[in-house]
2 protein chains.
Amino acid sequence: MNDRQAAIGSLRLSAKLDLFAAFAEIGRALGNPHRLDLLEHLAQGERSVEALATKGGLTVANASQHLQALRRAGLVIGERRGKQIVYRLAGSDVLDLTAALRIVGERHTDAVRTVIEDYFQSRDSLDAVEFAALEQMMADGLVTLLDVRPSDEFADGHVAGAVNIPLAELGSRLDQISPDVQVVAYCRGPWCVLAFEAVAFLREQGREARRLDGGLPEWRRAGLPVEAGSPR
Amino acid sequence: MNDRQAAIGSLRLSAKLDLFAAFAEIGRALGNPHRLDLLEHLAQGERSVEALATKGGLTVANASQHLQALRRAGLVIGERRGKQIVYRLAGSDVLDLTAALRIVGERHTDAVRTVIEDYFQSRDSLDAVEFAALEQMMADGLVTLLDVRPSDEFADGHVAGAVNIPLAELGSRLDQISPDVQVVAYCRGPWCVLAFEAVAFLREQGREARRLDGGLPEWRRAGLPVEAGSPR
DNA sequence: CGATCATTCAAGAGAGTTCTTGAATGTTAG
DNA sequence: CTAACATTCAAGAACTCTCTTGAATGATCG
């Protein structure tokens with residue numbers, strides 16, 4: 001029996017480390033800002049390596065390497081489609097994982113609060129509109145729903161009834177937003193900074209503006225209406 | 001307006017990278033097998049640095065460094081209590097995060113399946129007993145619930161009605177387990193290898209044994225009865 | 001079938017992580 | 001106040017990660 005006991009002991013240690021090493025690989029994949037950015041873009045829909053590189057501000061070779069790290073961790077899947085390789089999230093549980101990461105970050109990490117407060121003086125801009133509240137406001141005609149992502153992403157799919165004004169054009173197209181109703185802005189996800197900035201800018205301009213609590217992936221996942229088509 | 005536009009642009013980039021860097025720090029904290037092990041131990045209850053170092057097979061200085069990485073990421077909290085510093089999980093959302101990590105690992109990472117299959121030839125041992133099923137079996141008197149953690153952890157808190165036989169003593173204390181009823185084994189959590197090995201060993205010995213789907217932290221979190229006291 | 005395009009591979013410089021060792025800090029007990 | 005104790009800090013060696021550059025692969029198009 002002692003041989004078996006010894007075997008159990010040594011086996012335990014290596015099996016445990018191997019198992020934890022596999023989980024740690026997923027953790028490491030989440031441990032880089034660019035890779036989190038890539039995951040956010042992939043949460044919008046599938047994308048080619050080149051598209052992801054452009055959106056993420058990376059060289060193609062570098063983006064490819066990050067995507068391979070994500071693939072090894074089982075977070076994304078790459079599939080050849082014609083000349084390109086198209087990546088997508090490996091499953092909806094990946095969204096759950098990033099959401100869990102976000103919740104821990106929001107609650108416990110001073111860094112996150114500090115970053116947000118550094119850029120947006122008033123805490124009000126943190127106060128987000130829930131999906132259900134937005135639907136009510138839209139039904140009542142009390143709101144302009146503003147999608148501040150770039151036009152190509154809007155065209156690829158957006159919340160039904162949203163108007164697209166990319167953040168960069170917000171200043172010059174302010175006259176296209178009725179001053180009489182509140183604005184609710186959204187972008188790629190709950191951490192997407194575009195919406196924070198749009199809200200900050202609109203408030204500076206004297207508009208009543210708030211952020212939507214979540215972006216397109218969360219909206220889609222809640223089974224709420226999404227439409228696609230060319231931007232205005 | 002153009003100044004403001006430019007400001008928005010540059011701000012956007014740095015704010016985004018800062019935010020994602022904060023989240024990535026949490027990811028990195030999850031990106032090391034020893035730190036995942038420490039989190040599993042902390043999920044049992046609060047522990048001093050020395051206790052964690054011993055359980056994790058680390059030097060005290062090294063354990064301290066890992067714990068500080070976890071603390072910077074907002075995953076654990078350290079509090080001075082007398083001469084010692086006692087660490088605990090920063091919140092229940094940390095359990096949610098590790099659970100999300102586990103789910104992605106189980107579904108998508110070949111490495112996890114490979115590791116498990118390498119050590120446990122029969123897939124049956126993966127087939128875990130749910131909490132509700134266990135409660136029914138216990139009510140019917142059809143089961144021996146076996147806690148295979150070391151005695152000190154058992155004494156610190158365990159599932160009500162469980163019997164403690166640490167894995168290392170399982171061979172020599174086999175006669176203390178009735179051969180007439182099924183055995184359900186559990187340990188520290190869903191990835192804890194002790195229970196896997198106990199099940200493998202018991203099956204080799206011709207016993208009917210299965211793993212509980214979760215460990216003490218999950219049981220406690222489900223609001224199910226926990227008792228503390230000295231081991232037999 | 002050769003040209004072109006998208007992606008991956010390979011190698012290397014620079015930065016960050018991990019673990020070890022020994023000293024420093026801060027708290028308690030006598 | 002001093003000794004003992006638990007933890008943290010600091011520095012350095014070995015290793016891993018990240019990004020860049022240029023070449024290699026593999027698919028499509030004419």
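Just so it is clear, the model here is predicted, and its values are computed rather than measured. Below, chain A is the first sequence line, B the second, and so on; all start at residue 1.
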Does A:D96 pair with A:R221 as a salt bridge, N-O distance under 4.0 Å? yes
Measure the angle between the two terminal helix axes of the helix from C:dC1-D:dG30 to C:dG30-D:dC1, five base pairs each, and quote it to 10°. 30°
Applying salt bridge (charged side-chain N to carboxylate O under 4.0 Å, His left out) to A:R80 and not counting sequence neighbours gives none
Can you measure from CG (A:L30) to CG (A:L97) and round to the nearest 0.5 angstrom? 5.0 Å
Gap between atoms CZ and C1', on B:R72 and C:dT18 respectively (whole Å): 12 Å
Using a 4.0 Å cut-off on protein heavy atoms (strictly under), produce a 5'-to-3' string for nucleotides 8-20 of chain D with B for base contact, S for backbone-only sugar-phosphate contact, and - for none. BBBB-----SSBB
List the atom pairs, with distances to 0.1 Å, where a side-chain N or O of residues 32-39 of chain A and a protein N or O form a donor-acceptor pair under 3.5 Å, not counting sequence neighbours.
residue : atom : partner : partner atom : Å
A:N32   : OD1  : A:H34   : N            : 2.8
A:N32   : OD1  : A:R35   : N            : 3.2
A:R35   : NE   : A:A29   : O            : 2.9
A:R35   : NH1  : A:H66   : ND1          : 3.1
A:R35   : NH2  : A:R28   : O            : 3.1
A:D37   : OD1  : B:K16   : NZ           : 3.2

Say you draw a straight line from CZ of B:R211 to CG of B:L194; how long is it, rounded to the nearest 0.5 Å? 12.0 Å
Check the distance between C:dG26's C1' and B:Q84's CD and give it to me in whole angstrom. 14 Å
Option passing side-chain hydrogen bond (donor to acceptor under 3.5 Å, both in side chains) with A:K55 (candidates A:E153, A:H41, A:E50, A:Q44): A:E153
Evaluate the ring planes of A:H158 and A:F154, with Trp represented by its six-membered ring, and classify them as parallel (under 30°), tilted (30 to 60°) or perpendicular (over 60°). parallel
Rounding to a whole Å, what distance do you find between B:E50:CD and D:dC5:P? 11 Å
Listed by chain and number, what are the salt bridge (charged side-chain N to carboxylate O under 4.0 Å, His left out) partners of A:E46, not counting sequence neighbours? A:R81
Value rounded to 0.5 Å, distance of CG in A:L67 from CZ in A:R72: 11.0 Å
For nucleotides 28-30 of chain D, which of its nitrogen or oxygen atoms have a protein nitrogen or oxygen under 3.5 Å away, and what is each distance?
none

Hey, what do you get for OG (A:S92) to CZ (A:R220), rounding to the nearest 0.5 Å? 13.0 Å
